[in-house]
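The model shown is predicted, which means the values in this text are computed figures rather than measured ones. Below, all heavy atoms of this structure are taken into account, side chains as well, without hydrogens, waters or symmetry copies.
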Amino acid sequence: MAATRPRSVITSLLGATQPQSGLRVCGWARSVRKGKGVAFVALNDGSCLAHLQIVITEDLANFAEVTRAGTGACFEVIGDLVASPAAEQQWELQAAKVTILGAADAEYPLQKKRHSFEYLRSVAHLRPRANTFGAVFRLRSALSFAVHRFFQERGFLYVHTPIITTNDCEGAGELFRVTTLDPRHPPLVDGQVDWSQDFFGEKAGLTVSGQLQGELFATAFSDIYTFGPTFRAENSNTSRHASEFWMIEPEVAFVDLAGICQLAEDFFRYLVQYALDHCREDVRFFDERVAPGLLDRLQQLAQTPFGRMSYSDAIEHLQRSGRDFAFPVTWGSDLQTEHERYLTEEVVGGPLFVTDYPKDIKAFYMRLNDDNKTVAAMDLLVPRVGEIIGGSQREERLPLLEQRLAEYDIPVESLDWYLDIRRWGSCPHAGFGLGFERLLMYLTGMENIRDVIPFPRTPGQARF
RNA sequence: UCCCUCUUAGCUCAGUUGGCAGAGCAUCUGACUGUUAAUCAGAUUGUCGCUGGUUCGAGCCCAGCAGAGGGAGCCA
């Protein structure tokens, strides 16, 4: 293997401006077409959606072997980049030497045809080699970088909030338990598990949100964000929920609800524009093969301002709609999926902030409004995906926060450290959480969260 | 967790009133001097999800179980 020669990346070869000789290219065969005396291999190295056509002629010593290698095999090719005489591609690689690095036989699960996403999920260890998943994971990588770029350009501090937490009451769902106790013989006190003998000396679990720790850092660095994995042990079986997912949570001091909505809108639009600017080929692929109309929708979104509507106005809209909803619309109950879809898809026809929800259906840390009935909360709803961002202005007034904790039966001692930032140097602050996978669903048009995360974890499923 | 649907060849799927298990693609063999998920000709491929029941006879009807998908709730 001529490893000393540098490897040329296919995406840069396809954009070449002139022929080049003596190149070394490596990749996986997507198809091998054999004619008399000549064969063509469509080679992909993951650097882009497009394949590089390798031209192999009969005079190569291992011509028969190479043309038998078939779909899925891994090749190293030494050859010259030349203008292609055929119409389908500008450049092709005329092979001088082909080495089969790894053969693939007929059992190879990915064939040169379209597979269902359900089937590809069952071979999630190989699906990155499929066109759609190549596009998904290139976009995922690019957008991860875009998230950091957006915040770093604005001087936000990136903070690594803990994965293991001992907060049992973050108000965001069930935690996965983290323990080193012997499940067959846990230490007992009065018939109950004695968590004080566990590894951390108390009950611990995986984080459901970095928000509370994010707030601590916001009261020191003013503008911060987190971007990391989040875990929820909810028995949710839907196309929009996963047990392990990635969340982006900015927390900003000295802004109110309107300010945090503006940040969320700028952020979301930035990410859409980034995908259009940097992942054009992949987005176009999704538009053609996965979700027709996607490109227009994204281009439009990058320009139009988002709608804003208070919860109370939303209720009025729904009540006046004349629609026969499965769930009744009354002030004080939460908006159902059907209501959210009506508002974002039919009333506004684009992303919509719904703000100022009744306090009883929202978390304890959200700031009480002057009407004493609502809190300074916001959800960003988008067509097709639904709720993509949830955020709020946080309650910075200690007595009011303590009162809210009491209403939720949360012992004050368990969150004394959280209350401390209200005791000393408290300030108005606000933040939100964006589900990274839901963002990717919106950007790709993929309809199942399991298909935008490399190895999905859902109830009953943690394979690979 | 609840409701609905699905499970047949490696993949995608058809299978009539309960009466011999099918097609396309893939694979294999052959043909073709440049193909574009090549094309053309031929060939191979089955625990009909599992367990039980009804019946002379079950892929088809019934029951249970398992897995998957869609919807709902919870949320990001």
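- Comparing B/G73 with B/C3, their P atoms sit 16 Å apart, to the nearest whole Å.
- Rounded to the nearest Å, the gap between the P atom of B/A21 and that of B/A9 is 15 Å.
- With both ends at atom P, the span from B/A68 to B/U12 equals 15 Å, rounded to whole Å.
- For B/U5 and B/A43, the P atoms lie 41 Å apart once the distance is rounded to whole Å.
- Comparing A/Val32 and A/Gln53 along RNA chain B, the residue whose closest nucleotide (by nearest heavy atom) sits nearer the 5' end is A/Gln53.
- For the pairing with A/Asp451, the salt bridge (Lys or Arg N to Asp or Glu O under 4.0 Å) check across A/Arg240, A/Arg140, A/Arg121 returns one residue only, A/Arg121.
- Judged by distance alone, with hydrogens and angles left aside, A/Asp105 brings no side-chain donor or acceptor close enough to the base of B/U27 to form a pair under 3.5 Å.
- Contact annotation: A/Gln336 side-chain N/O to B/G73 OP1/OP2 distance is under 4.0 Å.
- Across the P atoms, B/G46 and B/C11 are found 13 Å apart, a figure rounded to whole Å.
- When the side-chain nitrogen and oxygen atoms of A/Thr238 are compared with OP1 and OP2 of B/C75, none of them lie within a distance under 4.0 Å.
- Counting non-hydrogen atoms under 4.0 angstrom, A/Phe40 reaches a base of the nucleic acid.
- In the interface, the side chain of A/Arg438 is paired with the base of B/C75 through a donor and an acceptor atom under 3.5 Å apart.
- Between B/A76 and B/C61, the two P atoms lie 44 Å apart (nearest whole Å).
- Annotation: B/G69 and B/U33 have their P atoms spaced 48 Å apart (nearest Å).
- Classification of the A/Tyr357-A/Tyr311 ring pair by plane angle, with boundaries at 30° and 60°, yields tilted.
- Taking only distance into account, the side chain of A/Glu58 never meets the base of B/U33 through a donor-acceptor pair shorter than 3.5 Å.
- Using a 4.5 Å heavy-atom threshold, the side chains of A/Tyr158 and A/Phe151 count as separate.
- When each of A/Asn235 and A/Ala86 is assigned the nucleotide of RNA chain B bearing its nearest heavy atom, the one mapping closer to the 5' terminus is A/Asn235.
- Atom NZ in A/Lys36 sits roughly 19 Å away from atom P in B/A41 (whole-Å rounding).
- Using a 5.5 Å limit on the distance between ring centres and a 30° limit on the angle between planes, the aromatic ring of A/Phe245 counts as stacked on the six-membered base ring of B/A76.
- Note: A/His148 and A/Phe227 have tilted aromatic rings, judged against thresholds of 30 and 60 degrees for the angle between ring planes.
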